Structures are given as C-alpha cells and as structure tokens.
2 protein chains.
Amino acid sequence: MHTESKDEMRDKILEAALRRFTHYGASKTTMNEIADDLRCSKASLYYYFPDKKAMHMAVLEKIAEAYFQEMEKEADNVNSATEALIRIVDIRKQFISKFCRLEIFMLLKDASDLMLQEKKKGMEREIALHVKIIKAGIASGEFNVKNPEQIAELLVQACAGLRFSVPDHIREDMDLDDEMFELVMEKQKQLLEVFINGIKA
Amino acid sequence: MHTESKDEMRDKILEAALRRFTHYGASKTTMNEIADDLRCSKASLYYYFPDKKAMHMAVLEKIAEAYFQEMEKEADNVNSATEALIRIVDIRKQFISKFCRLEIFMLLKDASDLMLQEKKKGMEREIALHVKIIKAGIASGEFNVKNPEQIAELLVQACAGLRFSVPDHIREDMDLDDEMFELVMEKQKQLLEVFINGIKA
DNA sequence: TTTTGACTTCGTAACTTAAAAAGTCAAAAA
DNA sequence: TTTTTGACTTTTTAAGTTACGAAGTCAAAA
C-alpha cells in the first residue's frame with residue numbers, strides 16, 4: 001500500500017480498523033483482517049502502532065475528538081442555554097448509536113489503567129462543556145445555580161446512569177437493543193427537562 | 001433443632017442464612033454451613049425450602065418487605081412531599097449499606113428469570129410509592145406535574161443509575177467501597193434537590 | 001524509510017478432572 | 001403424621017492442561 005505520508009497511512013489504518021471495529025467489535029477483529037483490508041501485511045501495522053491496544057485507543061480518540069468538537073461547537077456558541085443542553089443530548093444520541101460497538105463501554109472487565117484514565121478525561125471534558133453552557137445560562141439569566149461545576153457533573157452522571165438503570169438487565173457485552181437504546185435516550189431527555197426546570201432562574 | 005411451629009423454623013433458617021449471606025455473600029455460603037449454624041442437618045433445610053435459590057429469594061423478600069414497608073409508612077403519611085422524598089433517600093441509604101452484600105445487585109451474569117421478575121416488582125413498588133408522594137405533593141400544591149407516574153419512574157431510575165455512573169469503574173462483584181458508596185448517596189441527594197426544584201409548583 | 005514473510009510468544013477457548021456443594025430419599029425419631 | 005437425618009447421587013465449579021489462533025518481533029528486501 002502506498003501513501004504520500006506517514007500520517008496518511010496511519011489514518012488509513014485507523015479508518016480500516018474503525019470499519020471492522022464498528023461492525024464486529026474490537027476483540028473480534030484481528031490484525032490480519034485489518035491488514036488484508038488494506039492489502040498490506042500485518043507487520044506494517046506494527047510499524048505505525050506499538051500494539052493493538054494503542055491502535056484501539058487511537059481509534060477511540062479519533063471518534064471522541066469529533067464527538068467533543070461537535071459538542072464544544074455547541075457550547076462555545078450558546079444563544080439559549082436550554083436549547084444547547086437539549087442539542088447536547090441529541091449529539092450524544094447520534095454518536096452513541098453510530099459507535100456503540102466500539103467497546104467504549106468496557107467499564108467492568110478489562111479496563112486497563114490507561115483506558116480508565118482516558119475515560120475519566122473524556123468525562124471531564126464533557127462536564128467542562130456543560131459547565132460552560134450552564135455558566136452561559138447564568139450569565140443570560142436563564143439559570144440560577146450556585147456551583148455550576150457540581151451541577152454539570154451531576155447532570156452528566158445522571159444521564160449516563162440511565163444507561164444502566166433503565167434496562168432491566170445488563171448484558172455481558174453491554175449492548176442495548178435498538179428499542180432499549182431509544183428508551184434510554186428518551187429518559188435522558190425527560191430527565192434533562194426536569195433538570196433544566198430545577199435550575200431555572 | 002426444636003421449634004414450636006413450621007413457620008418458626010422457617011424463620012430461624014432465614015435468619016441464619018441472612019447472617020451468612022450478609023457476611024460472605026450467598027454464593028460463598030454453603031447449605032452445610034447454614035445447617036451447622038442451626039445445629040441441624042442440611043437435609044432439614046430442604047424440608048423447608050425446595051432449593052437454595054428459593055431460600056435466597058425468601059431472604060431477599062424478607063429484607064425487601066421491611067424496606068418497602070418503612071418507605072410506604074413514609075409515603076402513606078405525608079406532611080411535606082419534599083421532606084418525604086428526602087426521607088426516602090435516607091431509608092434507601094440505610095438499607096443498602098446494611099444489605100449490600102446480599103447479592104441483590106446481580107444484574108449482569110446469573111439473573112434468573114424469576115429474580116428479574118422480582119426485581120421488576122420491587123422497582124414498581126418503589127415507583128408506586130414515589131407516585132403516591134408526588135401526588136400528595138400535587139394535592140398540597142407543592143408540586144406541579146402532569147404525569148406523576150412518568151416523573152416517579154424517572155426519579156427512581158435516575159437515582160439508581162448514579163450507582164453505576166459515579167464510580168469510574170464497576171467491579172466484577174458489583175461492590176462499592178465505603179467512600180464511593182457515600183459519594184453515590186450524596187449525589188442522589190443532590191439530584192433529588194434539583195429534581196424537586198424541577199417539579200415545584 | 002517503509003514493507004514484508006517467516007518466525008516466536010502469548011492469550012484464550014475447549015477439554016478434562018477432581019473436589020465441593022447441591023440436592024434426594026428411605027428410614028428413624030419425635 | 002410431621003419432622004429430622006445419614007448416606008447417597010447429581011451438579012457445579014475451580015484448577016489444570018492443551019492446542020490453536022492471534023499478537024507481536026525481526027532480519028532482510030524493496
């Protein structure tokens with residue numbers, strides 16, 4: 001396989017891996033399959049990534065970057081804080097439904113230290129952008145909140161938690177069927193509505 | 001072992017099982033250990049319960065009954081709906097900290113059909129009593145809510161979800177350390193505060 | 001500098017098995 | 001007749017093994 005630059009090849013690999021990962025999950029995807037898709041050897045992959053886990057992380061980071069950037073675009077340009085928070089839930093829904101098979105939700109078993117760290121960073125980034133929106137809401141007189149950081153964290157965690165409490169059982173693979181996924185997102189919206197009401201000025 | 005009645009013996013067994021279960025967990029407790037505690041034979045236990053699972057369920061039901069009755073007492077006699085909801089969270093905290101080792105939280109693996117069904121019933125009972133409180137709040141003019149059923153379900157599920165989203169990882173055994181447990185309960189209170197605000201008249 | 005085939009190492013699923021725990025029952029005791 | 005029990009069988013599970021597929025390495029080639 002020929003590419004103009006090292007970065008470009010790296011990106012091609014990430015794309016191929018993403019395709020496989022979203023279809024079959026990372027653990028069911030072999031390095032050989034990715035290599036075959038790219039018509040290159042498996043050894044090549046190891047020229048660009050130290051190991052499979054690093055590659056997996058890179059895929060996740062790429063997705064996460066797009067996810068957060070779209071959210072932050074929303075947070076940076078707030079007309080109505082209420083509207084912004086609602087948009088955030090929609091963006092989240094879009095992304096999760098696209099990339100739920102990526103094994104981001106490896107919260108229980110596995111969960112290397114590094115991944116946990118990255119997950120934490122992600123949460124903090126999501127909270128930070130909620131803080132920004134809430135502060136904008138305070139500034140505009142929409143909200144009345146003493147501690148935006150605490151409230152933002154609470155909102156993010158409460159929404160995330162519905163992922164686990166709404167289904168009546170959690171499958172080993174952590175997957176939700178479509179119907180349950182829709183229900184969870186619906187609940188997130190309902191919660192957000194009450195929550196916004198609860199912090200209104 | 002001698003007792004006055006069949007029911008009394010059944011209850012003695014339940015007590016012994018509860019002691020073992022809370023200390024070591026149900027799966028680490030053998031029928032022989034329970035029998036030895038009671039100075040009776042294992043076979044006797046099978047005279048009162050068809051199998052270990054049924055016994056486990058009976059223990060859980062006994063605890064749950066006390067749990068719900070205390071909550072329902074609160075729900076049946078509401079002065080301030082707001083206060084009642086806060087009290088509910090406190091009751092929940094008390095019970096969970098006492099009986100968290102009972103393997104009630106077997107949500108992922110295992111999870112027999114019957115247990116899932118009982119869990120669902122429990123959730124519904126908890127929601128029902130929240131509905132009662134919220135309706136009382138509406139009647140007294142504290143709250144302004146169109147669909148108390150939906151709101152009650154949302155509140156219960158959002159609180160329950162924090163159990164999973166606040167810890168940065170979920171251990172296989174589903175246990176929380178004390179510090180994390182306190183944090184989760186604190187978050188439940190925070191959420192409740194915003195939530196109550198969000199449904200105020 | 002990048003790629004590769006041939007290689008070694010590692011992880012896991014599939015068996016095996018031995019011990020422990022669940023569960024049964026006919027007979028004894030109350 | 002109701003309750004209890006020791007001796008029994010069956011089932012579950014933890015531990016150990018193996019074999020295969022996938023991860024990862026490297027010297028040589030492009």
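Atom set for the values below is all heavy atoms of this structure, side chains included, hydrogens, waters and symmetry mates excluded. Please read these numbers as outputs of a predicted model, since none were measured by experiment. Chain A is the first sequence line, chain B the second, and so forth, proteins listed ahead of strands; every chain is numbered from 1.
Checked options B:E74, B:E126, B:E70; the residue passing with B:R92 is B:E126 (criterion: salt bridge (charged side-chain N to carboxylate O under 4.0 Å, His left out)). The one candidate from B:Q150, B:Q188, B:H130 that meets the side-chain contact (heavy atoms from CB on, under 4.5 Å) condition with B:L155 is B:H130.
C:dC10: Watson-Crick or G-U partner is D:dG21, with both key distances under 3.5 Å. When Watson-Crick and G-U wobble pairs are counted only if both distances are under 3.5 Å, D:dA30 pairs with C:dT1.
Distance CE (A:M55) to P (D:dA22): 14 Å, rounded to an integer number of Å. Between the CG atom of B:L45 and the P atom of D:dG6 there is a distance of 13 Å, given to the nearest Å. For the pair B:M9 CE and D:dT4 C1', the interatomic distance rounds to 9 Å; values are reported in whole Å. With rounding to whole Å, A:D7 atom CG is found 15 Å from C:dT2 atom C1'. Computed from coordinates, the B:I13 CD1 to D:dT3 C1' distance equals 11 Å when rounded to whole Å. The distance between atom CZ of B:R10 and atom P of D:dT4, rounded to the nearest whole Å, is 14 Å.
A salt bridge links B:E72 to B:R125: one of the charged nitrogens lies within less than 4.0 Å of a carboxylate oxygen. A salt bridge does not link B:E65 to B:K62: none of the charged side-chain nitrogens sits closer than 4.0 Å to a carboxylate oxygen.
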>> Treating primed atoms plus P, OP1 and OP2 as sugar-phosphate and everything else as base, which nucleotides of nucleotides 23-30 of chain D get B, S or - for protein heavy atoms under 4.0 Å?
In response: BBBB----
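Between the side chain of B:E142 and the backbone N or O of B:T82 there is at least one donor-acceptor pair closer than 3.5 Å.
Residue-level contact check: A:Y48 touches the backbone only, with heavy atoms under 4.0 Å from sugar-phosphate atoms and none from bases.
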>> Could you go through B:K135 and B:E149, starting from their C-alpha distance and side-chain angles, then the distance that decides it, and tell me whether this counts as salt bridge (Lys or Arg N to Asp or Glu O under 4.0 Å)?
In response: CA-CA 9 Å; B:K135 281 186 175 168; B:E149 284 80 10; 3.4 Å; yes
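At least one side-chain nitrogen or oxygen of B:S44 sits closer than 4.0 Å to the OP1 or OP2 atom of D:dT5. When the side-chain nitrogen and oxygen atoms of A:Y47 are compared with OP1 and OP2 of C:dT4, none of them lie within a distance under 4.0 Å.
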